[in-house]
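Read the numbers this way: they start at 1 and go in the same order the structure lists the ligands and their atoms. One is the number of the first residue; the rest follow in order along the sequence. Basis for what follows: all heavy atoms, side chains included, without hydrogens, waters or symmetry-related copies.
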Amino acid sequence: MTEQEAGSDVGNTKTYAENINGNWYLTGEKWFCSNPDADLAMVLARPKGNEKGTKGLSLFLLPKLIDNKTPNDYEILRLKDKLGGRSFASGEIRLNKAFAYLVGDQNQGFKQMTDMINMSRLSNGVRSSGMMQRSLQECLYISKNRKAFNTKLINLPLMQKQILKIFLLAESSRSIVFHSAKVLEKADDGVDIYKILFRILTPLIKFRSCRDARKVTGDLMEVRGGCGYIEEWSDARMVRDAHLGSIWEGTSNIVALDVIRSLKKNDNLKVFKKYLFDVVGNFDIAKDRKYFNDNIEKVFNFALTIISNNIEHSARQISSALYYLSASIFSYNEGHLEPELSYRKKLAKLILKHKICTNDPLQKEDLENSIKSFPNLFSH
Ligand SMILES: Cc1cc2nc3c(=O)[nH]c(=O)nc-3n(C[C@H](O)[C@H](O)[C@H](O)COP(=O)(O)OP(=O)(O)OC[C@H]3O[C@@H](n4cnc5c(N)ncnc54)[C@H](O)[C@@H]3O)c2cc1C
């Protein structure tokens with residue numbers, strides 16, 4: 001997709017397609033193509049004479065070889081020298097009337113590409129979730145083995161706080177990702193409400209999990225001390241790769257705006273709110289149900305204000321609030337369904353308290369209680 005003047009703004013695509021004797025040929029320059037030596041690539045281009053914007057774009061399949069032998073008419077101009085994602089190549093491509101096959105309806109190119117983008121946005125969020133989980137495990141391993149000041153790092157109050165912060169973000173992401181996997185299964189079975197939920201959860205995960213992975217991988221790097229900064233360990237690579245997650249397949253701003261778009265469509269906001277109420281409705285402790293329901297009201301009132309007044313400035317803020325609210329409810333639900341996961345109810349409240357409700361940063365008891373709530377995390 002991406003061209004020099006058409007990254008976030010895909011509708012500005014300049015690459016054009018010509019139909020000559022029933023065959024399609026593409027001309028133009030693509031500025032970012034990962035895996036540029038692939039045998040096949042999907043390419044967006046505008047058939048000559050088509051309208052401007054995303055509506056005039058069509059999707060094409062570009063083979064590397066024509067008839068499995070002759071190289072197609074495009075060239076890799078340069079490979080990018082990247083901060084991360086170094087185990088795969090990304091290149092700039094010039095298409096010189098390259099032969100391609102039209103895929104699907106000529107006027108549905110962008111829509112078809114969007115289907116793929118949504119899947120890869122989700123996979124980026126899941127990847128970030130995995131990176132945070134790895135960071136948490138490495139952080140626990142280091143702090144339970146390395147000593148300073150005659151004690152294991154995990155016994156030091158400030159280290160405990162650092163671990164809790166990583167734990168909170170990594171496990172929030174885990175809850176929302178695993179819940180979304182179940183939603184996806186039902187959406188794939190064709191159940192409409194799950195299709196709507198999945199449409200909303202995908203940009204939420206891509207936005208927030210990818211951003212949290214930047215922080216979590218950076219914090220882990222510090223937990224390993226000086227070694228964390230050295231390439232012999234995995235931390236530097238993790239930090240580099242985490243940053244990519246919130247840039248490609250839509251930057252944070254673009255994805256936060258997509259959250260708003262997904263909520264604006266039809267009655268999606270109401271469907272999402274009702275779904276969260278329904279999940280909470282199954283919780284067996286009345287006081288907890290009230291706590292979650294009050295927070296659902298609070299967050300969705302904020303969302304409604306933003307959406308009805310078109311306040312783009314707050315798109316990221318509401319995306320974060322909806323993400324953590326959902327993660328918290330899904331985490332509690334895990335504890336509710338599986339007795340051996342009851343610690344996730346405590347985690348759920350911690351997520352809400354620190355990410356949605358205002359909190360006094362000077363409150364000492366909060367930290368001490370949190371540490372007691374997760375004895376397994378700190379056992380060594
Ligand atoms: C390693 C790597 C591999 C890539 N591989 C591919 C690939 O295989 N195929 C492909 O098509 N692309 C690929 N990309 C491109 C990537 O998807 C784009 O770089 C990305 O979508 C951003 O587009 P851009 O670079 O043009 O930035 P711009 O669109 O110019 O954005 C610049 C800044 O402006 C902000 N911005 C833009 N619009 C708005 C708005 N409406 N409101 C608020 N802020 C806004 C953005 O958030 C960003 O911070 C790759 C990128 C990288 C780094």
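Ligand 1 has at least one atom lying under 4.0 Å from a heavy atom of Ser90.
Between Leu244 and ligand 1, a contact under 3.5 Å exists for no N or O pair. Checking only distances, Glu312 never comes within under 3.5 Å of ligand 1, N or O to N or O. At a 3.5 angstrom cut-off on N or O pairs, Glu3 does not count as close to ligand 1. Not one N or O of Asp9 is nearer than 3.5 Å to an N or O of ligand 1, by distance alone. Residue contacts with ligand 1: Leu257 is placed with no nitrogen or oxygen under 3.5 Å of a nitrogen or oxygen of the ligand (distance criterion only). For ligand 1, none of its N or O atoms has an N or O atom of Gln4 under 3.5 Å away.
If you look at Tyr101 and Phe60, their ring centroids are not closer than 6.0 Å. Taking the six-membered ring for Trp and the full ring otherwise, the centers of Phe272 and Phe300 sit less than 6.0 Å from each other. You'll find the ring centres of Tyr323 and Phe207 outside the 6.0 Å limit.
Classification of Lys111 and Asp105 as a salt-bridged pair fails, no side-chain N sitting under 4.0 Å from a carboxylate O. Between Asp258 and Arg121, at least one side-chain N (NZ, or NE/NH1/NH2) sits under 4.0 Å from a carboxylate O, which counts as a salt bridge. Using a 4.0 Å cut-off between charged side-chain N and carboxylate O, Asp73 and Lys97 make no salt bridge. Salt bridge Asp294/Lys290: present, at least one basic N to carboxylate O contact under 4.0 Å.
In summary, the atoms of ligand 1 found under 4.0 Å from a heavy atom of Ser34, numbered by their order in the structure, are 3 (C), 4 (C), 5 (N), 6 (C), 7 (C), 8 (O). The contact set between ligand 1 and Glu249, taken as ligand atoms under 4.0 Å from a residue heavy atom, comprises 17 (O). Near Lys82, the atoms of ligand 1 lying under 4.0 angstrom from a non-hydrogen atom of the residue are 1 (C).
The heavy atom nearest to atom 48 (C) of ligand 1, out of those in Asn35, Thr251, Asn12, Ile247, is found in Thr251. Nearest-residue assignment for atom 35 (C) of ligand 1 (options Asn253, Leu44, Leu83, Ile93; heavy-atom criterion): Asn253.
Residues that satisfy the salt bridge (charged side-chain N to carboxylate O under 4.0 Å, His left out) test with Asp192, not counting sequence neighbours, are Lys195. Looking at residues two or more places apart in sequence or on another chain, you find a ring-ring contact (aromatic ring centres under 6.0 Å, His included) between Phe88 and Trp248.
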Inset, instruction - Could you give me the CA-CA distance, side-chain angles and deciding distance for Ser246 and Arg214, then say whether side-chain hydrogen bond (donor to acceptor under 3.5 Å, both in side chains) is met? - result: CA-CA 9 Å; Ser246 48; Arg214 290 174 163 209; 2.7 Å; yes
Inset, instruction - Start with the C-alpha distance between Glu171 and Gln133, add both sets of side-chain angles, then the distance that settles side-chain hydrogen bond (donor to acceptor under 3.5 Å, both in side chains), and finish with yes or no. - result: CA-CA 8 Å; Glu171 294 296 310; Gln133 197 54 230; 3.0 Å; yes
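Within the 3.5 Å criterion, the main-chain N or O of Leu269 finds no donor-acceptor partner in the side chain of Lys264. Here the side chain of Ser175 pairs no donor or acceptor atom with the backbone of Ser172 at under 3.5 angstrom.
Among protein heavy atoms, the minimum distance from atom 37 (C) of ligand 1 is reached at Ser8 OG, 3.6 Å. Ranking the protein heavy atoms by distance from atom 18 (C) of ligand 1 puts Thr2 OG1, 4.1 Å first. In this structure, the protein non-hydrogen atom closest to atom 24 (P) of ligand 1 is Gly7 CA, 3.9 Å. At the shortest separation from atom 13 (C) of ligand 1 among protein heavy atoms lies Phe32 CB, 3.3 Å. The protein non-hydrogen atom at the shortest distance from atom 39 (C) of ligand 1 is Ile254 CD1, 3.7 Å.
Contacts with ligand 1 closer than 4.0 Å are made by backbone heavy atoms (N, CA, C, O) of Cys33 only, the side chain lying farther away.
For atom 30 (O) of ligand 1, the nearest protein heavy atom lies 4.0 Å or farther away. Protein non-hydrogen atoms do reach within 4.0 Å of atom 11 (O) of ligand 1. There is a protein heavy atom closer than 4.0 angstrom to atom 5 (N) of ligand 1. Protein non-hydrogen atoms do not reach within 4.0 Å of atom 33 (C) of ligand 1.
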